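These notes are about the structure you will find just below.
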Amino acid sequence: MRALPAGWMTRQRTAVVHVLVDCRDFVSAQELHALMSASERRVGLTTVYRTLRELEACGHADVVRDETGERLYCLRLTRGHRHYLMCRSCGRSLPVDSEVVEAWADRVATESGFASVEHTVELTGICARCAPASSAADEEEALCPPELADQVEPRSRAS
């Protein structure tokens, strides 16, 4: 974890960090900005984006992408890289044990001769709170839309 630059913690950036600390799950810059506005902390959206990017660059924030590719941020309270399991329905996140992934990435780097290897692992699912509501949607999603049915070749059952 890299130290933040001297003089970095301005009043506005401190406000961003304070609101981010109160977030239980990952939030987008725009969501964070809206939370700040609702709590009457006036900070520009550009400042929110810049603050989050610097926190990420220094290792003080974890970042994941949602299904649309938007970056979501969570303050990193511990040292080291973390992985999360995120609910596709409500966005709830849960840190997961990732020692196996980290060991695998280190082994691949060593065996290939690469240095400074980075990786991204995204685990998504439906949390227990959302599971009953999502089961009907999952069944609908599994069906091929009628307009595409004649364009899709059936899958072979042989592997």
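As the structure is a computational prediction, the values presented were derived from the model and not from experiment. Just the heavy atoms: all of them, side chains too, but no hydrogens, waters or symmetry mates, feed the values below.
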For this session: Kindly work out whether a path of hydrophobic side-chain contacts (I/L/V/M/F/W/Y, heavy atoms less than 4.5 Å apart) joins L123 to V101.
Result: yes
Exercise. Between T14 and T10, is any pair of side-chain heavy atoms under 4.5 Å apart?
Worked result: no
Seminar exercise, completed: d(L55 CG, L20 CG) to nearest 0.5 Å is 7.0 Å
For this session: Sorted by first residue and then second, give each salt bridge (charged side-chain N to carboxylate O under 4.0 Å, His left out) pair with at least one member in residues 105-116; sequence neighbours left out.
Result: R107-E111
For this session: Using a 4.5 Å cut-off on heavy atoms from C-beta on, say whether the side chain of V63 contacts that of L52.
Result: no
For this session: Give a yes or no on whether the backbone of R24 and the side-chain of D22 come within a donor-acceptor separation of less than 3.5 Å.
Result: no
Seminar exercise, completed: Sorted by chain and residue number, the salt bridge (Lys or Arg N to Asp or Glu O under 4.0 Å) partners of R71 (sequence neighbours excluded) come out as E56
Exercise. Under the 3.5 angstrom rule, does the side chain of R65 hit a backbone N or O of L72 as a donor-acceptor pair?
Worked result: no
For this session: Answer with yes or no whether the hydrophobic clustering places V21 together with V19; edges join I, L, V, M, F, W, Y residues whose side-chain heavy atoms lie under 4.5 Å apart.
Result: yes
Seminar exercise, completed: So CE of M86 and OG1 of T124: to nearest 0.5 Å the spacing works out to 9.0 Å
For this session: Measure centre to centre between the rings of F26 and Y84, then say whether the value is under 6.0 Å.
Result: yes
Exercise. Does C23 reach the side chain of C74, with side-chain heavy atoms less than 4.5 Å apart?
Worked result: no
For this session: Could you check R50 against T46 for side-chain contact (heavy atoms from CB on, under 4.5 Å), going step by step and ending with a plain yes or no?
Result: CA-CA 6 Å; R50 287 181 182 158; T46 301; 3.5 Å; yes
Exercise. Atom CD1 in I126, atom SG in C90: separation rounded to 0.5 Å?
Worked result: 8.5 Å
Exercise. Do E102 and H119 have side-chain atoms, one donor and one acceptor, less than 3.5 Å apart?
Worked result: yes
Going by atom type alone, with no hydrogens or angles, which donor-acceptor pairs under 3.5 Å involve a side-chain atom of residues 29-40 and a protein atom two or more places apart or on another chain?
| from | atom 1 | to | atom 2 | distance (Å) |
| --- | --- | --- | --- | --- |
| E31 | OE1 | S28 | N | 2.8 |
| E31 | OE1 | S28 | OG | 3.4 |
| H33 | NE2 | V43 | O | 2.9 |
| S37 | OG | H33 | O | 3.1 |
| S39 | OG | L35 | O | 3.3 |
| S39 | OG | M36 | O | 3.0 |

Exercise. Do you know which two heavy atoms are closest between V117 and A109, and how far apart they sit?
Worked result: CG2-CB, 3.4 Å
Seminar exercise, completed: Rounding to 0.5 Å, atoms OH (Y73) and CZ (R53) come to a distance of 4.0 Å
Problem set entry | Note, V17 side chain near M9 side chain (heavy atom, < 4.5 Å) | yes
For this session: Compare all side-chain heavy atoms of H18 with those of R41 and state whether any distance is below 4.5 angstrom.
Result: yes
Exercise. Is it true that R92 and D25 make a salt bridge, defined as a side-chain N closer than 4.0 Å to a carboxylate O?
Worked result: no
